[in-house]
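When a residue number appears, it is its place in the shown sequence, counting from 1.
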Amino acid sequence: MSTHATRAVPAHTTRTVLRVTTLAACVPYLTLKIAWIAGSRIGIPEGSALRRDGNSLMALNALTVLMDAAVIVLAFLLTRPWGQRVPSWLLALPMWCATGLLAPIVAVFPAQTLAATVRGGAPGDGGGAGSPDTLLAPWVWSLVYTGFIVQALALGTLFVLYARERWAHLWRGRIGTLPDSPTRSARRLTAAAVAVLSLLPATTHLLWASGSTTGLNAARAAATDLDSRLNDAGYVLFALLTAVGALTLGYGRSRRVPLLLPLAATWIGSGALAGWGGWLTLTTLSVSAGDPKLPSPLLSLTYAVQMIVGMLVAVAGAHFFAEREAARCA
């Protein structure tokens, strides 16, 4: 009895600390967004295009407040007893979306910060603090993105702890020991489709990461700098993670590769592709014809394929886990 209590207290304390950390990391972003909705222009330079976006910017600000508020709900859901009774899909779907939106920031922003330090600037300064293309003051990028990274690490750790307790049996074992399944052929077909489709965003983002402006709209081409190229390089990484993870799950035979590895790679990679493909598409829905910010056909196609890849992975993953759970119960 005393041994159990001794072990339970540190686990509870860890979750509490991680929850408080997640909540604190949300404060800077929520504070700025609420201030902007209220009419403040703190952190937005005089020449920024954000000062001219009007109602569309207001709507996006309101949406992002709700998205960050969802992180707060997830932090409580992952640490309170009632969270164990929430339907699996109701937790897994928003966590997959959160993972996808935060993972590129965790992967790319430190590299952008390092590159900016080397060149004597700051991330997001558009090549210089006084550049007319600067959307936000450099301190805003640093404050908000640092908060996002802390959110990602704290919330991600909470999710791992939660998932290990509730669903660990679904990813135990190794690739080569997966039992035969009547859906194996469909699983392989889906894996092949995911890998093939992932080639498009991998290729286009690699092209843009190399400095090419082929297929970019006028605004995106004019804004191409080291930060944007590093962003594109990050999407190449996530496209490769998705393809390799899917192919390993569909065709892997190794008895040494843990099932968890390709599952994690596909989860993170597909979430990043789908999350940012969907978000970038959403932010351009209000752009009128003739506007230089209107996505080019190749940009729109890239975003659409990223979302398709994400939907394929989400549906196939849900079926895979449901099949594993059914087999276990049987």
Undergrad: For Trp139, does the CH2 atom sit with more than 12 other heavy atoms under 6.0 Å from it, leaving out its own atoms?
TA: yes

Undergrad: Which residue is it: Leu273, Thr266, Ile308? I am looking for the one with a side chain to side chain contact (heavy atoms under 4.5 Å, CB included) to Val313.
TA: Thr266

Undergrad: Rounded to the nearest 0.5 Å, what separates atom CG in Leu153 from atom CG in Leu102?
TA: 9.5 Å

Undergrad: Less than 4.5 Å apart, any side-chain heavy atom of Met58 and any of Ile37?
TA: yes

Undergrad: Are any of the side-chain nitrogens in Asp225 or Arg229 under 4.0 Å away from the carboxylate oxygens of its partner?
TA: no

Undergrad: Atom OG in Ser270, atom CE in Met311: separation rounded to 0.5 Å?
TA: 12.0 Å

Undergrad: Quick check: does any side chain N or O of Thr204 sit under 3.5 Å from a backbone N or O of Pro201, one acting as donor and the other as acceptor?
TA: yes

Undergrad: Which heavy-atom pair separates Ala239 from Ala202 by the least distance, and what is that distance?
TA: CB-CB, 3.8 Å

Undergrad: Under a 4.0 Å N-O cut-off, is there an ion pair linking Glu165 with Arg15?
TA: yes

Undergrad: If we count only N and O atoms by modelled type, under 3.5 Å, do the side chains of Thr99 and Trp267 hold a donor and an acceptor together?
TA: yes

Undergrad: Could you go step by step and tell me if Val244 and Thr248 meet the side-chain contact (heavy atoms from CB on, under 4.5 Å) rule?
TA: CA-CA 6 Å; Val244 171; Thr248 303; 4.0 Å; yes

Undergrad: Determine whether Leu155 and Met95 make a side-chain contact, defined as any pair of heavy atoms from C-beta on separated by less than 4.5 Å.
TA: yes

Undergrad: On a heavy-atom basis, which atom in Met67 and which in Leu101 lie closest, and how many Å separate them?
TA: CE-CD1, 3.4 Å

Undergrad: Which value, rounded to the nearest 0.5 Å, describes the distance between Leu161 atom CG and Thr14 atom OG1?
TA: 7.5 Å

Undergrad: Quick check: is Leu280 connected to Trp208 through a chain of hydrophobic side chains (ILVMFWY, heavy atoms under 4.5 Å apart)?
TA: yes

Undergrad: Check the hydrophobic clustering (I, L, V, M, F, W, Y; side-chain heavy atoms under 4.5 Å; chains of links allowed) and say if Leu158 and Leu90 are grouped together.
TA: yes

Undergrad: What heavy-atom pair brings Ala35 and Ile42 nearest, and what distance separates the two atoms?
TA: CB-CG2, 4.5 Å

Undergrad: Does a side-chain heavy-atom distance below 4.5 Å link Leu200 with Val309?
TA: no

Undergrad: Aromatic rings Tyr162 and Phe159: how do their planes relate, parallel, tilted or perpendicular, breaks at 30° and 60°?
TA: parallel

Undergrad: With no hydrogens and no angle check, is any side-chain donor or acceptor of Arg188 less than 3.5 Å from a backbone partner on Gly250?
TA: yes

Undergrad: For the atom pair CG (Leu249) and CG (Leu259), what is the distance rounded to the nearest 0.5 Å?
TA: 6.5 Å

Undergrad: Return the CG to OG1 distance between Leu216 and Thr214, rounded to the nearest 0.5 Å.
TA: 7.5 Å

Undergrad: Around atom CG of Leu66, are there more than 12 heavy atoms of other residues, nucleotides or ligands at under 6.0 Å?
TA: yes

Undergrad: Which pair of non-hydrogen atoms, one from Pro104 and one from Ala272, has the smallest distance, and what is that distance?
TA: CG-CB, 3.8 Å

Undergrad: Determine the minimum heavy-atom distance between Ile175 and Pro262, stating which atoms define it.
TA: CD1-CG, 3.6 Å

Undergrad: Heavy atoms only: give me the nearest Asn217-Pro295 pair and the separation to one decimal.
TA: ND2-CA, 3.6 Å

Undergrad: Does the side-chain contact (heavy atoms from CB on, under 4.5 Å) test come out yes or no for Trp167 and Arg172, once each step is laid out?
TA: CA-CA 9 Å; Trp167 301 311; Arg172 286 198 187 103; over 6 Å; no

Undergrad: With side-chain contact (heavy atoms from CB on, under 4.5 Å) as the test, would you mind laying out the steps for Val315 and His319 before giving the verdict?
TA: CA-CA 6 Å; Val315 172; His319 191 279; 5.7 Å; no

Undergrad: Within the 4.5 Å heavy-atom criterion, are Ser88 and Arg166 side-chain neighbours or not?
TA: yes

Undergrad: Go through the steps to decide whether Ser185 and Leu189 satisfy the test side-chain contact (heavy atoms from CB on, under 4.5 Å), and finish with yes or no.
TA: CA-CA 6 Å; Ser185 296; Leu189 179 62; over 6 Å; no

Undergrad: Just how far is it from atom CD1 of Ile44 to atom CG of Leu135, taken to the nearest 0.5 Å?
TA: 9.5 Å

Undergrad: Report yes or no: do Leu50 and Leu294 belong to one cluster of Ile/Leu/Val/Met/Phe/Trp/Tyr joined by side chain heavy-atom distances under 4.5 Å?
TA: no

Undergrad: Measuring only between side-chain heavy atoms, which start at C-beta, is Trp141 closer than 4.5 Å to Asp227?
TA: no

Undergrad: Does one hydrophobic cluster hold both Leu260 and Trp96, with members joined at side-chain heavy-atom distances below 4.5 Å?
TA: yes

Undergrad: Check whether any side-chain heavy atom of His169 sits under 4.5 Å from a side-chain heavy atom of Arg324, and report yes or no.
TA: no

Undergrad: Between Glu323 and Arg328, is there a side-chain N and carboxylate O pair less than 4.0 Å apart?
TA: no

Undergrad: Do Val106 and Leu114 share a hydrophobic cluster, counting only Ile, Leu, Val, Met, Phe, Trp and Tyr and linking them when any side-chain heavy atoms are less than 4.5 Å apart?
TA: no

Undergrad: Any non-hydrogen side-chain atom of Phe320 less than 4.5 Å from a side-chain atom of Leu170?
TA: no

Undergrad: Is any side-chain heavy atom of Phe109 closer than 4.5 Å to one of Leu230?
TA: no

Undergrad: Salt bridge or not between Asp232 and Arg220? Use side-chain N to carboxylate O under 4.0 Å.
TA: yes

Undergrad: Name each donor-acceptor pair under 3.5 Å that joins a side chain in residues 23-34 to protein atoms two or more places apart or in another chain, with its distance.
TA:
| unit_1 | atom_1 | unit_2 | atom_2 | d |
| --- | --- | --- | --- | --- |
| Thr31 | OG1 | Val27 | O | 2.7 |
| Lys33 | NZ | Asn61 | OD1 | 2.8 |
| Lys33 | NZ | Thr64 | OG1 | 3.4 |

Undergrad: Under a plain distance cut-off of 3.5 Å, with no hydrogens placed, do Ser181 and Thr183 share a side-chain donor-acceptor pair?
TA: yes

Undergrad: Is a side-chain donor or acceptor of Thr16 paired with a backbone partner of His12 at a separation under 3.5 angstrom?
TA: yes

Undergrad: Walk me through whether Ser210 and Ser212 qualify under side-chain hydrogen bond (donor to acceptor under 3.5 Å, both in side chains).
TA: CA-CA 6 Å; Ser210 67; Ser212 173; 5.5 Å; no

Undergrad: Mind telling me whether His205 and Tyr235 have parallel, tilted or perpendicular rings, with 30° and 60° as the class edges?
TA: tilted

Undergrad: Pick out which of Thr281, Thr302, Leu312 makes a side chain to side chain contact (heavy atoms under 4.5 Å, CB included) with Met307.
TA: Thr281

